[in-house]
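Data block below; observations after.
Starting from 1, each residue takes its place in the sequence as its number.
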Amino acid sequence: MLKKVLFIALLSVALTACGSNFKETTTRSGSSSTSFATEQTVSNENTAQQTSTIEATDKEYLFAEFLKDGTPMLTEDQASMEQTSYDFIAKNSDLFPSTDKSKVINLVDKSVTTKHLNKSLNLYLNKFVKISGDVIDIEEDNIPIGTTAIVYISDENDNTVMAVYPGASGEIFEGDVATVIGVPIANFSYENVSGGYTNTTLLAASFLAKENQ
């Protein structure tokens, strides 16, 4: 089940991802500055604009990169992130997170349930799915990519999803009923308190809210 060590691992991933992006931005913007070192003020303005564009691009891919690096840790090396999910998250980066349910609810494939995800996950790697159920564990912390929450939700079929939400979870606690909207990343299993294993689906969460909130 979810433990503090998981966030420590994610913190390491976030630091690596942020450091990589910063290094890339510094190198590329530095290169631009060198190229235009002999130019006048207008060239400096162009360089600043290029740097701004690079930083915006890095931000667009930040959550996707974070999950790409973090998926093996989150799944205990049972899975990696498919390019389909990566591209979907990057393309819709403005929806990770979305605090407005109306922005994502119409994008949800309402026919998809956890049963579908358990059977043929690859069919849904570029689709938003909505899962509601009991919160069986939740943890939130501030890491370099921002406030991030990890929540386990068990639905009416006793199937579980593990959602990584790049935002604050608000007044959601263990034992509450919550809804998550996100894109599937991978299926894996973890050892439960009974000594057996629980199958679950890792989701990149766009929206997370307590029911009746």
Side-chain angles (χ1 to χ4, degrees), residues 1-24 58 61-90 92-93 96-97 112-129 131 133 135-155 157-167 169 174 180 182-206 208:
M1 193 52 67
L2 187 60
K3 296 183 182 299
K4 191 67 177 179
V5 68
L6 186 57
F7 258 114
I8 295 174
L10 286 175
L11 177 60
S12 175
V13 171
L15 286 170
T16 301
C18 290
S20 175
N21 286 337
F22 177 76
K23 181 179 180 181
E24 180 183 4
D58 286 344
Y61 289 95
L62 187 58
F63 188 49
E65 281 290 326
F66 172 68
L67 286 172
K68 179 182 178 181
D69 292 338
T71 294
M73 293 183 184
L74 290 165
T75 63
E76 298 182 356
D77 289 324
Q78 296 176 44
S80 58
M81 187 182 200
E82 296 292 338
Q83 190 65 39
T84 302
S85 295
Y86 181 98
D87 292 343
F88 182 86
I89 294 169
N92 298 282
S93 60
F96 291 93
V112 181
T113 67
T114 52
K115 290 182 178 180
H116 294 86
L117 300 180
N118 289 337
K119 181 180 179 181
S120 306
L121 185 72
N122 287 339
L123 297 177
Y124 312 107
L125 296 178
N126 60 351
K127 297 178 181 294
F128 274 122
V129 299
I131 308 296
V135 176
I136 56 178
D137 207 346
I138 185 168
E139 189 168 350
E140 179 180 304
D141 210 342
N142 291 316
I143 59 178
I145 68 165
T147 301
T148 302
I150 297 180
V151 57
Y152 283 84
I153 294 178
S154 178
D155 70 2
N157 298 312
D158 292 326
N159 292 322
T160 304
V161 297
M162 173 188 180
V164 180
Y165 179 68
S169 58
E174 182 178 338
V180 61
V183 60
I185 296 178
N187 284 335
F188 70 105
S189 61
Y190 62 86
E191 188 173 2
N192 57 43
V193 294
S194 300
Y197 286 87
T198 299
N199 295 325
T200 190
T201 299
L202 175 64
L203 296 180
S206 168
L208 176 66

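- Side-chain atoms of Thr200 come within 3.5 Å of backbone atoms of Thr160 as a donor-acceptor pair (strictly under, hydrogens ignored).
- One finds the CD1 atom of Ile89 at 12.0 Å from the NZ atom of Lys68 (value rounded to the nearest 0.5 Å).
- Annotation for Leu203 and Pro184: closest pair CD2-CA, 3.5 Å, computed over non-hydrogen atoms.
- Shortest non-hydrogen contact noted between Ile136 and Ser154 is CG2-CB, 4.1 Å.
- Of all heavy-atom pairs between Ala79 and Ala186, the closest is CB-CB, 3.5 Å.
- Of the possible polar contacts, none joining the Thr198 side chain to the Gly196 backbone as a donor-acceptor pair under 3.5 Å is found.
- Residues Glu140 and Gly167 come closest through the heavy atom pair OE1-O, 4.4 Å.
- Proximity of Phe96 to Val183: side-chain heavy atoms (C-beta onward) are separated by under 4.5 Å at one or more points.
- Here the side chains of Leu125 and Phe88 are not in contact, with every heavy-atom distance at 4.5 Å or above.
- The shortest distance between side-chain heavy atoms of Tyr190 and Met162 does not fall below 4.5 Å.
- Distance check: Thr71 OG1 to Ile185 CD1 gives 4.5 Å after rounding to the nearest 0.5 Å.
- Distance CE/Met81 to CZ/Phe66: 11.0 Å, rounded to 0.5 Å.
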- Query: Given the rule in the side chain to side chain contact (heavy atoms under 4.5 Å, CB included) test, do Tyr124 and Leu117 qualify, once you have shown the distances and angles that lead to the verdict?
  - Reply: CA-CA 7 Å; Tyr124 312 107; Leu117 300 180; 3.9 Å; yes
- Take His116 and Val129 through the side chain to side chain contact (heavy atoms under 4.5 Å, CB included) test and state the conclusion after the steps. CA-CA 10 Å; His116 294 86; Val129 299; over 6 Å; no
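- The CG atom of Asp87 sits 10.5 Å away from the CG atom of Asn92 when rounded to the nearest 0.5 Å.
- Asp155 places a side-chain N or O within 3.5 Å of a backbone atom of Asn157 that can act as its donor or acceptor partner.
- Rounded to the nearest 0.5 Å, atoms OG1 (Thr75) and CG (Leu202) are 7.0 Å apart.
- Put simply, the side chain of Ile138 reaches to within 4.5 Å of the side chain of Ser169, judged on heavy atoms.
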- Task: Test side chain to side chain contact (heavy atoms under 4.5 Å, CB included) on Thr114 and Thr201 and set out the steps.
- Result: CA-CA 8 Å; Thr114 52; Thr201 299; over 6 Å; no
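- With contacts defined as side-chain heavy-atom distances shorter than 4.5 Å, the pair Leu74/Ile150 qualifies.
- Using a 4.5 Å cut-off on side-chain heavy atoms (C-beta onward), Tyr165 and Val180 make no contact.
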- Message: The test is side chain to side chain contact (heavy atoms under 4.5 Å, CB included); show your working for Val151 and Leu208 and say whether it passes.
- Response: CA-CA 9 Å; Val151 57; Leu208 176 66; 4.1 Å; yes
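- The heavy-atom pair separating Ser189 from Glu76 by the smallest distance is O-OE1, 4.5 Å.
- Taking OG1 of Thr113 as the start and NZ of Lys119 as the end, the distance is 10.5 Å to the nearest 0.5 Å.
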